[in-house]
Protein chains: 2
Amino acid sequence: MPNRFLTKQRAVIKLYLINLVEQNKLYGLQFLQLLRKEFEPYGFRPTHSEIYKSLHELTKEGILYRTKKLKGEGQDGFQEIVIYQFTEDGYEKAKTYKKMVKQDLDRSKHMINKILKDNF
Amino acid sequence: MPNRFLTKQRAVIKLYLINLVEQNKLYGLQFLQLLRKEFEPYGFRPTHSEIYKSLHELTKEGILYRTKKLKGEGQDGFQEIVIYQFTEDGYEKAKTYKKMVKQDLDRSKHMINKILKDNF
DNA sequence: CTATGAACATGATGTTCATGA
DNA sequence: TCATGAACATCATGTTCATAG
């Protein structure tokens with residue numbers, strides 16, 4: 001039995017990455033910009049290294065795989081980027097992972113409610 | 001503007017300590033037992049060093065002061081314990097601190113709700 | 001300059017060791 | 001043994017450096 005306080009940011013970032021990969025083919029810094037925009041109103045501004053570490057973990061866990069692409073088909077230059085997609089069984093694995101994190105988020109939510117109730 | 005994810009455990013522990021000091025004269029390990037019991041259903045089990053560090057911080061911040069007592073007036077032995085009480089302006093300072101943490105907890109709560117909404 | 005990543009540094013928290021009564 | 005505390009270790013995250021185009 002673990003001993004955990006609230007959900008860790010890494011888990012939340014991985015959650016969003018999974019969801020974003022489901023819908024689009026984005027690369028690292030795009031994820032970063034998107035998440036920063038999403039969380040700006042909440043005062044949370046993830047760092048680029050957290051995004052990359054999360055992508056690496058998801059890859060290591062066999063959920064995503066990497067492909068390299070050249071950005072901007074046309075004149076935009078030849079910047080190489082790394083695209084992530086689900087592996088064969090990645091989608092299933094992702095579902096399992098999401099379920100775990102959902103439970104942890106629910107737990108955290110209840111805990112915060114309790115803390116507020118106990119102290120205010 | 002900081003860059004914070006969810007509320008830190010240290011802040012929450014200090015919140016509870018303030019509230020407990022308001023009501024009782026407890027010492028370190030009693031706080032620990034109490035908090036462990038409170039949070040057991042949530043899978044969170046604080047450590048003794050976190051409690052002591054929190055008490056030390058509250059003392060350094062001028063909110064609490066320490067007095068030494070002997071435990072168990074009677075035959076219980078002569079175990080020395082450290083009791084914490086509010087300083088002269090400690091209660092006021094504590095109110096300010098609590099207000100800050102409440103804001104942070106509200107922010108965290110909204111953030112968790114957003115995360116759940118976005119991903120499930 | 002953008003994108004990716006590793007290396008390095010700091011922060012937050014946990015575990016172990018020391019001391020006194 | 002219980003209580004307190006410091007020292008030490010590890011985890012979580014952030015900042016800086018390196019490399020490629």
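Any value given below was found using the heavy atoms of this structure, including those in side chains, with hydrogens, waters and symmetry copies removed. Given the structure is predicted, the values throughout are model-derived calculations rather than measurements. In what follows, chains are A, B, ... by sequence order, proteins preceding strands, each numbered from 1.
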**Item:** Listed nucleotide nearest any side-chain atom of Val82(B), set dG5(D), dT13(C), dA3(C)
**Value:** dG5(D)

**Asked** Is the gap between the ring centers of Tyr16(A) and Phe39(A) under 6.0 Å?
**Response** yes

**Item:** Atom CD of Glu88(B) with >12 non-hydrogen neighbours under 6.0 angstrom
**Value:** no

Polar atom pairs between nucleotides 18-21 of chain D and protein, under 3.5 Å, N or O only, would you list them?
{"unit_1": "dG21(D)", "atom_1": "O3'", "unit_2": "Phe78(A)", "atom_2": "O", "d": "3.0"}

**Message:** OP1 or OP2 of dG5(C) versus the side-chain N and O atoms of Arg66(A): is any pair under 4.0 Å?
**Reply:** yes

**Prompt:** Between Leu26(A) (CG) and dT2(C) (P), how many Å, whole number?
**Reply:** 18 Å

**Complete:** When rounded to whole Å, the CZ to C1' distance for the pair Phe31(A) and dT2(C) reads 16 Å

**Prompt:** Does Phe5(A) or Gln30(A) map to a spot on DNA chain C nearer the 5' end, using the closest nucleotide for each?
**Reply:** Gln30(A)

**Message:** Expressed as a whole number of angstroms, how long is the span from Arg4(B):CZ to dG11(C):C1'?
**Reply:** 16 Å

**Asked** Nearest nucleotide by nearest heavy atom, which residue falls closer to the 5' end of DNA chain D, Ile83(B) or Gln9(A)?
**Response** Ile83(B)

**Message:** Just the rounded figure in Å: distance from C1' of dT2(C) to CD1 of Ile81(A).
**Reply:** 11 Å

**Prompt:** Is Tyr91(A) linked to Val101(A) within one hydrophobic cluster, defined over Ile, Leu, Val, Met, Phe, Trp and Tyr using a side-chain heavy-atom separation of less than 4.5 Å?
**Reply:** yes

**Message:** Taking any heavy-atom pair under 4.0 Å as a contact, classify Phe44(A): base, sugar-phosphate, or nothing.
**Reply:** nothing

**Complete:** Sorted by number, residues from residues 47-57 of chain A placing a heavy atom under 4.0 Å from DNA chain C are His48(A), Tyr52(A), His56(A)

**Prompt:** Charged N to carboxylate O under 4.0 angstrom, Glu40(A) versus Lys37(A)?
**Reply:** no

**Request:** Give the rounded distance in Å between these two atoms: CG of Leu35(B) and P of dG14(C).
**Result:** 13 Å

**Spacing of Leu6(A) atom CG relative to dA12(D) atom P, expressed in whole Å** = 14 Å

**Request:** Give a yes or no on whether a salt bridge exists between Glu50(A) and Arg10(A), defined as a side-chain N under 4.0 angstrom from a carboxylate O.
**Result:** yes

**Prompt:** Taking NZ, NE, NH1 and NH2 as the nitrogens, is one of them in Lys14(A) or Glu57(A) under 4.0 Å from a carboxylate oxygen of the other?
**Reply:** yes

**Test log, rule side chain to side chain donor-acceptor pair (under 3.5 Å), inputs Lys98(A) and Asn119(B)** = CA-CA 9 Å; Lys98(A) 282 179 67 170; Asn119(B) 293 277; 5.6 Å; no

**Request:** Give a yes or no on whether a salt bridge exists between Asp104(B) and Arg107(B), defined as a side-chain N under 4.0 angstrom from a carboxylate O.
**Result:** yes

**Request:** Take atom CG of Leu32(B) and atom P of dG14(C), then tell me their distance rounded to the nearest Å.
**Result:** 11 Å

**Message:** Atom NZ of residue position Lys114(A) - does it have more than 12 heavy atoms of other residues, nucleotides or ligands inside 6.0 Å?
**Reply:** yes

**Request:** Specify the separation, in whole Å, of atom NZ of Lys8(B) and atom P of dT13(C).
**Result:** 7 Å

